[in-house]
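A short worksheet on the structure shown next.
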Amino acid sequence: MKVEGHTLRVRSNRTAFRYLGEGSQPLKDAEGFVDTGDVLELRDGRYHFIGRRDGTINVGGFKVHPEEIEVVINRHPEVSMSLVRAKKNPITGTLVVADVVLKTPESVDNGSQALQRDILQFCRGELALYKVPVAINFVPALAVAETGKLIRHHA
């Protein structure tokens, strides 16, 4: 393994040469490494997963990784899980919004605006302002693949 350009690169004797199909590019670089697309950040001598390169949201020139925001939202005591996504905006290009599943769905009926404000305040305490969602949408469920990963729809 190695980190190059803030992304994780891995090498294995079992890596395929390329994807099937006409005109597909080689997977491996000259040294046999494959770019996973996982963005890493070095903090205190350890690498931390920040998100996927292909899922980056551009907010007024700032790069935002949805997974980083989801980690913060998911630490809120009322939240079961969340999905952060982009929303088009004529001024900044995109804004950050979050779909949130609560641990107790009846919390939505009992003061959802107060809970939205609380989650946003929680985010403001841990994230740069441009990373804080402009809206929190409470949803009953999120699409999850058989692997347990959130299904993301990239525009």
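Excluded from the calculations below are hydrogen atoms, water molecules and symmetry mates; all remaining heavy atoms, backbone and side chain alike, are included. FYI, the numbering just counts along the sequence from 1. From a predicted model like this one, the values you see are computed outputs, not experimental measurements.
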query = Would Tyr47 and Leu8 count as a side-chain contact (heavy atoms from CB on, under 4.5 Å) if you check the C-alpha gap in whole Å, the side-chain angles of each, and the deciding distance to 0.1 Å?
reply = CA-CA 10 Å; Tyr47 283 102; Leu8 176 64; over 6 Å; no

key: Stepwise side-chain contact (heavy atoms from CB on, under 4.5 Å) test for Val96 and Lys131   = CA-CA 7 Å; Val96 176; Lys131 295 180 181 181; 5.9 Å; no

task = Could you walk me through whether Val79 and Lys103 pass the side-chain contact (heavy atoms from CB on, under 4.5 Å) test, one step at a time?
result = CA-CA 5 Å; Val79 173; Lys103 289 181 180 174; 6.0 Å; no

task = Show your reasoning for whether side chain to side chain donor-acceptor pair (under 3.5 Å) applies to Ser82 and Asn74.
result = CA-CA 6 Å; Ser82 63; Asn74 293 346; 2.8 Å; yes

key: Step-by-step side-chain contact (heavy atoms from CB on, under 4.5 Å) determination, Thr56 to Val64   = CA-CA 6 Å; Thr56 303; Val64 177; 5.8 Å; no

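The cluster map of Ile, Leu, Val, Met, Phe, Trp and Tyr, joined by side-chain heavy atoms under 4.5 Å apart, puts Leu127 and Ile119 in the same cluster. In this structure, Leu115 is not a member of the same hydrophobic cluster as Leu83, with clusters built from ILVMFWY side-chain heavy atoms closer than 4.5 Å. Linking Ile, Leu, Val, Met, Phe, Trp and Tyr residues whenever their side-chain heavy atoms come within less than 4.5 Å places Val84 and Val59 in a single cluster. Taking hydrophobic clusters as Ile, Leu, Val, Met, Phe, Trp and Tyr residues chained together by side-chain heavy-atom distances below 4.5 Å, Val97 does not share a cluster with Leu129. Residues Val139 and Val144 are members of one and the same hydrophobic cluster, defined by side-chain heavy-atom contacts under 4.5 angstrom among Ile, Leu, Val, Met, Phe, Trp and Tyr.
Counting non-hydrogen atoms of neighbouring residues, nucleotides and ligands closer than 6.0 angstrom, the NZ atom of Lys2 exceeds 12 such neighbours. For Arg46, the CZ atom sits in a loose shell: 12 or fewer heavy atoms of surrounding residues, nucleotides or ligands are nearer than 6.0 Å.
Nearest heavy-atom pair across Pro140 and Val101 is O-CG1, 3.8 Å. Shown here for Ala145 and Ile151, the closest heavy-atom pair between the two residues is N-CG1, 3.6 Å. Taking each heavy atom of Val72 and Cys123 in turn, the nearest pair found is CG1-CA, 4.1 Å. In terms of heavy-atom proximity, Ile57 sits nearest to Arg85 at CD1-C, 3.6 Å. In terms of heavy-atom proximity, Phe122 sits nearest to His76 at CE2-N, 3.7 Å. Annotation for Asn89 and Ile91: closest pair OD1-N, 2.8 Å, computed over non-hydrogen atoms.
For Glu78 (side chain) and Leu102 (main-chain N/O), no donor-acceptor pair under 3.5 Å exists by modelled atom type. With Arg11 contributing its side chain and Glu31 its backbone, the two residues share a donor-acceptor pair below 3.5 Å.
Relative ring orientation between Phe62 and Tyr130 is described as parallel, the plane-to-plane angle staying below 30° on a 0-90° scale split at 30° and 60°.
In this structure, the side chains of Thr94 and Lys87 stay at 4.5 Å or more apart for every pair of heavy atoms.
For the atom pair CD1 of Ile73 and CE of Met81, the computed distance is 12.0 Å after rounding to the nearest 0.5 Å. Between the CD atom in Gln116 and the CG atom in Asn137 there is a gap of 7.5 Å [rounded to 0.5 Å]. Here CD of Gln113 is found 13.0 Å from CD1 of Ile136. Values are rounded to the nearest 0.5 Å.
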